[in-house]
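Counting convention: from 1, in listed order, for ligands and their atoms alike.
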Amino acid sequence: MNLTTDQRPVAVISGGSRGLGLALVTDFLERGYRVETFSRTESAELTALRESTASDALFWSSVDGTNAEAVEEFVRAAVRRHRRVDVLVNNAATGLEGLLTLTAPTAIDTALQTNVTLPVLLTRACLKPMLARRTGVVINLSSINALRGQTGVAVYGAAKAALDGLTRGLAREVGPAGVRVVSVAPGYFDSEMTAGIGQAQRRRIVRRTPLGRLGSAEDVLGVIRFLTSPGASFITGQTITVDGGYTC
Ligand SMILES: NC(=O)c1ccc[n+]([C@@H]2O[C@H](COP(=O)([O-])OP(=O)(O)OC[C@H]3O[C@@H](n4cnc5c(N)ncnc54)[C@H](OP(=O)(O)O)[C@@H]3O)[C@@H](O)[C@H]2O)c1
């Protein structure tokens, strides 16, 4: 089906410069979406993608997600441009690893701002055009660290558990208006965030994973592709785990 530019759906994806975010931007473009994304810096891969994509299909801005006013202005500009938001993927996040007693309060504050406040504010802003059109999907990137305790990632896990709470509460709030909210909780997959995981820890993760390997961005992408398809139109308020069975 050929859609005019104005009819093509719009996806807002935070943190589209690398890792899962970049894979999501590429996939949504391939599926005919117009994509609005931001990160603090533009990677060489995103620059190349922008150069090879129609100028009315992919928009990127440099935004620090800890700056609430900048996040709201990013959404205002996206809505001015397209007049609609069909999908929001709250993907941008920062890792925080270390024993709590040895973690600086400023690092905790930055992690909570990036991993909780940013997705809450981005969701609040994107919900307005979704509710106006009575349709939309919000995907929150959670983590298996929200579901299982692990030494060294208590704050990161708390932040991701907060997102799962947001998913459940908001699903009740906006479901009657036709908007779905779903969390996706991946296990470990290769990206800049997990580059610090050593070989011994990788072997331990693989041993504990029934499917016998680490995940990939493509594994998570496939689930998000499904959750934003008509086949998932009766799924809301859930956390979908994508971890090869690690938490089973
Ligand atoms: N990798 C894993 O094993 C794993 C497992 C479970 C869950 N997850 C979750 O999956 C999502 C994607 O993870 P990933 O591994 O692909 O991460 P990643 O490679 O570290 O990428 C993170 C993205 O977020 C952006 N970002 C970070 N802080 C930001 C800020 N303050 N303002 C704006 N943008 C910011 C980064 O760009 P800039 O740095 O340029 O700003 C980058 O585009 C995250 O929510 C993560 O928590 C990952």
Side-chain angles (χ1 to χ4, degrees), residues 12-27 35-47 49-50 60-75 88-97 106-107 109-123 138-148 150 152-153 155-164 166-167 182-197 201-202 205-206 209 213-221 223-224 239-244 246-247:
V12 171
I13 300 169
S14 64
S17 61
R18 59 170 192 266
L20 177 61
L22 181 65
L24 285 166
V25 168
T26 308
D27 188 67
V35 174
E36 291 274 349
T37 188
F38 67 85
S39 50
R40 289 165 300 183
T41 53
E42 187 177 24
S43 63
E45 291 84 353
L46 185 59
T47 309
L49 184 62
R50 288 217 291 155
W60 170 84
S61 331
S62 172
V63 172
D64 184 338
T66 62
N67 178 340
E69 178 49 39
V71 171
E72 287 189 7
E73 180 46 39
F74 166 82
V75 178
L88 164 64
V89 186
N90 279 313
N91 165 78
T94 184
L96 180 65
E97 201 158 355
T106 50
D109 193 41
T110 302
L112 292 177
Q113 287 221 17
T114 312
N115 297 359
V116 183
T117 310
L118 164 60
V120 170
L121 292 182
L122 199 52
T123 304
V138 178
I139 305 285
N140 291 321
L141 259 302
S142 178
S143 163
I144 55 168
N145 293 129
L147 308 169
R148 295 286 186 280
Q150 195 178 311
V153 286
V155 174
Y156 178 80
K160 293 301 189 180
L163 278 194
D164 291 345
L166 178 73
T167 291
V182 186
S183 278
V184 173
Y188 298 90
F189 62 86
D190 276 321
S191 74
E192 207 161 292
M193 193 177 278
T194 48
I197 294 181
Q201 197 184 344
R202 275 169 185 271
I205 294 166
V206 169
T209 304
R213 63 173 174 85
L214 248 63
S216 66
E218 183 57 40
D219 292 322
V220 183
L221 192 60
V223 174
I224 293 175
T239 297
I240 313 291
T241 307
V242 189
D243 67 350
Y246 184 90
T247 54

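Heavy-atom distances between Gln113 and ligand 1 stay at or above 4.0 Å for every pair. Using a 4.0 angstrom heavy-atom cutoff, Ser142 counts as in contact with ligand 1. Put simply, part of Gly187 is less than 4.0 Å from ligand 1, judged by heavy atoms.
Checked by distance only, ligand 1 and Asp64 come closer than 3.5 Å through their nitrogen or oxygen atoms. Between Phe189 and ligand 1, an N or O atom pair is found at a separation short of 3.5 Å. For ligand 1, none of its N or O atoms has an N or O atom of Pro186 under 3.5 Å away. Between Tyr156 and ligand 1, a contact under 3.5 Å exists for at least one N or O pair. For ligand 1, the polar-atom distance check finds an N/O of Gly15 within less than 3.5 Å of one of the ligand's N/O atoms. Where the criterion is an N or O separation shorter than 3.5 Å, residue side chain and backbone included, Asn90 fails it with respect to ligand 1. Of the polar atoms of Thr94, none of the N or O atoms is found under 3.5 Å from an N or O of ligand 1, judged by distance alone.
When heavy-atom distances to ligand 1 are checked against a 4.0 Å cut-off, Leu20 comes that close through both its backbone and its side chain. Contacts between Val63 and ligand 1, counted as non-hydrogen atom pairs separated by less than 4.0 Å, involve the backbone only.
The residue from Val220, Val242, Thr37, Leu141 that puts a heavy atom closest to atom 10 (O) of ligand 1 is Leu141. Within the set Ala159, Ala92, Ser191, the minimum heavy-atom distance to atom 26 (N) of ligand 1 is found for Ala92.
Against a heavy-atom cut-off of under 4.0 Å, Thr194 is close to the following atoms of ligand 1: 1 (N), 2 (C), 3 (O). The Tyr188 neighbourhood of ligand 1 comprises atoms 3 (O), with distances under 4.0 Å to a heavy atom of that residue.
In terms of protein heavy atoms, atom 17 (O) of ligand 1 is closest to Met193 CE, 3.7 Å.
Classification of Glu45 and Arg18 as a salt-bridged pair fails, no side-chain N sitting under 4.0 Å from a carboxylate O. In summary, Asp219 and Arg213 engage in a salt bridge, as defined by a charged side-chain N under 4.0 Å from a carboxylate O.
Distance check, rounded to the nearest 0.5 Å: CZ of Arg148 to OH of Tyr246 gives 9.5 Å.
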Is there a side-chain contact (heavy atoms from CB on, under 4.5 Å) between Asn140 and Val182 once you walk through the steps?
CA-CA 6 Å; Asn140 291 321; Val182 186; over 6 Å; no
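A donor atom on one side chain and an acceptor atom on the other are not found under 3.5 Å apart for Ser17 and Trp60.
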